[in-house]
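The structure under discussion appears below in the form of structure tokens.
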Amino acid sequence: MKIAVLCSGRGSNLLALLEAHAQGKIPGAEFVAVIADSRDAGALNIGREYGLQASVVPRAAFHANREGFERRLLEVLAPHEIELVVLAGFQRVLGATFLDAYPGRVVNIHPALLPAFPGHMVWADEVQYGVKLAGATVHFVDAGVDSGPIIIQGAVPVLPGDGPDELAKRILAVEHRIFPQAVAWLVSGKVTLAGRVAALKGFAPTPEQISQTFVWPPLED
Ligand code: GRF
């Protein structure tokens, strides 16, 4: 399955995907292109190192013209015959112009346990709110903001004294684990969608797996 990755920044999630792929953990995936919305994005070099075609579609060049920006993204992607678009730290909301071209074929990673804390820069909000569990979500992209069907979530504890940076670091580690897993499931056709509920074909967790619930602060027993 031919995959394009859209990024805006350093690209650690892109790297996690490419490393997992290099280790044979995403069978059937072919990462062919990385597009960044800024030429400063570190993700471009990571993509190049792994042999992806790296392109820049500078958002700044389109000002208030989101449709034009999305049409340009589609033009850049078109020759690659992409089957899955992965948003890995892509700081733009995509609308119908883009999404209609890849129905059910765009996924995103978000650094919170959705539907809590959608949007940008969520870590400070999580700390201020006092949540005890934070985490990350991989989800299909719909026309809303971080509102599409959830494929996988990973939880991490929020520790006393955590600031946004400490929390972001802990969440990023779980992002790097769940994103390659989600993409592997998508590539192998394991993910089904009924309404807004995504599920895994043949999913039959063992009682031991089900008991691995994450309670925080830990129970005293
Ligand atoms: C990640 O925290 C991701 O969840 C968010 O932006 C950050 C991107 O980091 N959407 P990186 O560029 O993958 O290192």
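Numbers here simply count residues along the sequence, with the first being 1. Ligands are counted one by one from 1 in listed order, and the atoms in each one are counted from 1 as well.
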The one among H176, E175, H120, R10 that brings a heavy atom closest to atom 2 (O) of ligand 1: E175
Contacts of R105 that satisfy salt bridge (charged side-chain N to carboxylate O under 4.0 Å, His left out) - sequence neighbours left out: none
Close N or O approach (H110, ligand 1; < 3.5 Å): no
Atom indices of ligand 1, in the order listed, that fall short of 4.0 Å to a heavy atom of G89: 6 (O), 8 (C), 10 (N)
Ligand-residue contact atoms, ligand 1 with I109, heavy atoms, under 4.0 Å: 4 (O), 10 (N)
Atom CD of E75: over 12 foreign heavy atoms under 6.0 Å: yes
ILVMFWY network linking V76 to V32, side-chain heavy atoms under 4.5 angstrom: yes
Show the atom names and distances, to 0.1 Å, of all donor-acceptor pairs under 3.5 Å that link a side chain in residues 148-157 to residues at least two apart or in another chain.
residue: Q153; atom: NE2; partner: L114; partner atom: O; Å: 3.0
residue: Q153; atom: NE2; partner: T137; partner atom: OG1; Å: 2.9

Short N or O distance, G11 and ligand 1, threshold 3.5 Å exclusive: yes
Atoms in ligand 1 with a heavy atom of Q91 nearer than 4.0 Å: 6 (O)
Other residues, nucleotides, ligands: >12 heavy atoms within 6.0 Å of R177 CZ: no
